[in-house]
Number of protein chains: 2
Amino acid sequence: MSEVYKALADPTRRRILQLLREREMSAGEIAGHFDLAKPTLSGHFAVLREARLVSPEKTGTTIIYRLNVSVLEEALMALMDTFKVDPKPAAPQGVAENPKLGGPS
Amino acid sequence: MSEVYKALADPTRRRILQLLREREMSAGEIAGHFDLAKPTLSGHFAVLREARLVSPEKTGTTIIYRLNVSVLEEALMALMDTFKVDPKPAAPQGVAENPKLGGPS
DNA sequence: TTCCTATTTCGCTAATTAGCAAAATACAAA
DNA sequence: TTTGTATTTTGCTAATTAGCGAAATAGGAA
């Protein structure tokens with residue numbers, strides 16, 4: 001799960017995911033959308049694969065990358081759950097007002 | 001907005017946010033939850049402040065950190081919108097089975 | 001004022017990472 | 001087999017970053 005955070009932390013990888021959200025694409029086609037060398041993009045693909053955010057499908061010499069929507073969905077859900085954020089416009093969330101400042105130090 | 005991704009990418013910072021989700025705490029009290037030096041934690045606080053995920057409030061010599069729930073909420077919403085993910089459980093859909101290429105050949 | 005506590009800022013080091021060119025791998029066609 | 005195309009792996013450099021101890025800053029108490 002931590003790999004997902006790492007994968008999402010890079011803007012290039014987020015753009016790749018957005019591209020794949022529209023339709024699946026080959027590695028070279030994705031690379032064509034960036035001003036980066038192909039080995040650089042290949043490295044980004046590896047990070048996205050490790051996070052299970054994309055799945056490669058080899059057909060001939062080309063590799064088709066497809067967005068793994070369910071993994072992305074699960075990751076965002078877990079994120080919301082971790083921070084107890086509701087998908088609805090939040091009710092006034094009571095913040096504890098007992099900070100106990102000087103504390104037990 | 002990109003600062004939020006960066007802030008969430010580090011596990012220590014995510015634990016800090018989880019602590020602050022329960023109640024606001026002073027910098028020193030937060031530091032007490034970790035085996036890290038205080039300057040290290042102070043650096044993490046700075047990243048969280050830059051992302052506007054926490055707000056500091058100075059009272060005397062102590063600084064109380066409070067979770068900025070609305071910012072976290074907005075960030076997660078924007079993330080879901082970016083990737084067009086619905087807050088409902090989705091139909092099961094092919095999950096990646098092997099991050100490496102070449103497969104079981 | 002001096003002293004104590006809380007927190008940050010300053011250097012610095014080690015580890016990580018994004019980027020590239022070149023080489024290697026894999027596959028299809030001739 | 002050789003050739004050509006698509007993609008990854010290798011080896012490297014520069015930039016970023018998490019970590020630390022020491023010093024600096026700020027406020028309250030004596």
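Just the heavy atoms: all of them, side chains too, but no hydrogens, waters or symmetry mates, feed the values below. Naming: A, B, ... by sequence-line order, numbering from 1 per chain.
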Colleague: C/dA6 phosphate, OP1 or OP2: any side-chain N/O from B/T62 under 4.0 angstrom?
Modeller: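 Negative; the distance criterion is not met.
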Colleague: Distance check, rounded to the nearest 0.5 Å: A/E73 atom CD versus B/F83 atom CZ?
Modeller: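 Between atom CD of A/E73 and atom CZ of B/F83 there are 12.5 Å.
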Colleague: B/P39 has a side chain; which of C/dT17, C/dC27, D/dC20 sits nearest to it?
Modeller: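 Nearest to the side-chain atoms of B/P39, counting from C-beta on, is D/dC20.
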Colleague: Give the nucleotide from the list C/dT9, C/dC20, D/dT7 with an atom nearest to the side chain of A/T40.
Modeller: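 Among C/dT9, C/dC20, D/dT7, the one nearest the side chain of A/T40 is C/dC20.
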Colleague: For a quick check of understanding: with a heavy-atom distance under 4.0 Å over all strands, which category does A/L41 fall into, base, sugar-phosphate or nothing?
Modeller: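 Nothing, no nucleic acid heavy atom in range.
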Colleague: For C/dT8 and B/R49 - does any side-chain N or O of the residue sit under 4.0 Å from the phosphate oxygens OP1/OP2?
Modeller: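 Yes, because at least one side-chain N or O of B/R49 sits under 4.0 Å from OP1 or OP2 of C/dT8.
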Colleague: To the nearest angstrom, how far is A/L48 atom CG from D/dT7 atom C1'?
Modeller: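 Going from CG in A/L48 over to C1' in D/dT7 covers 16 Å.
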Colleague: Check every strand shown and say whether B/Y65 touches a base, only sugar-phosphate, or nothing at a heavy-atom separation below 4.0 Å.
Modeller: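 Sugar-phosphate only.
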Colleague: Which whole-number value in Å describes the distance from B/K38 NZ to C/dA6 P?
Modeller: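 Going from B/K38 (NZ) to C/dA6 (P), I get 6 Å.
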Colleague: For A/I63 and C/dA26, give me the distance from atom CD1 to atom P, rounded to whole Å.
Modeller: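 So the CD1-P distance, A/I63 to C/dA26, works out to 11 Å.
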Colleague: By nearest heavy atom, map B/V47 and A/A27 onto DNA chain D; which one lands nearer the 5' end?
Modeller: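 That would be A/A27.
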Colleague: Could you work out which one of C/dT7, D/dT8, D/dA18 sits closest to the side chain of A/F45?
Modeller: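 Looking only at heavy atoms from C-beta outward on A/F45, the closest nucleotide is D/dT8.
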Colleague: Should B/H44 be listed as having a side-chain N or O under 4.0 Å from OP1 or OP2 of D/dG19?
Modeller: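 Checking B/H44 against D/dG19: at least one side-chain N or O falls below 4.0 Å of OP1 or OP2.
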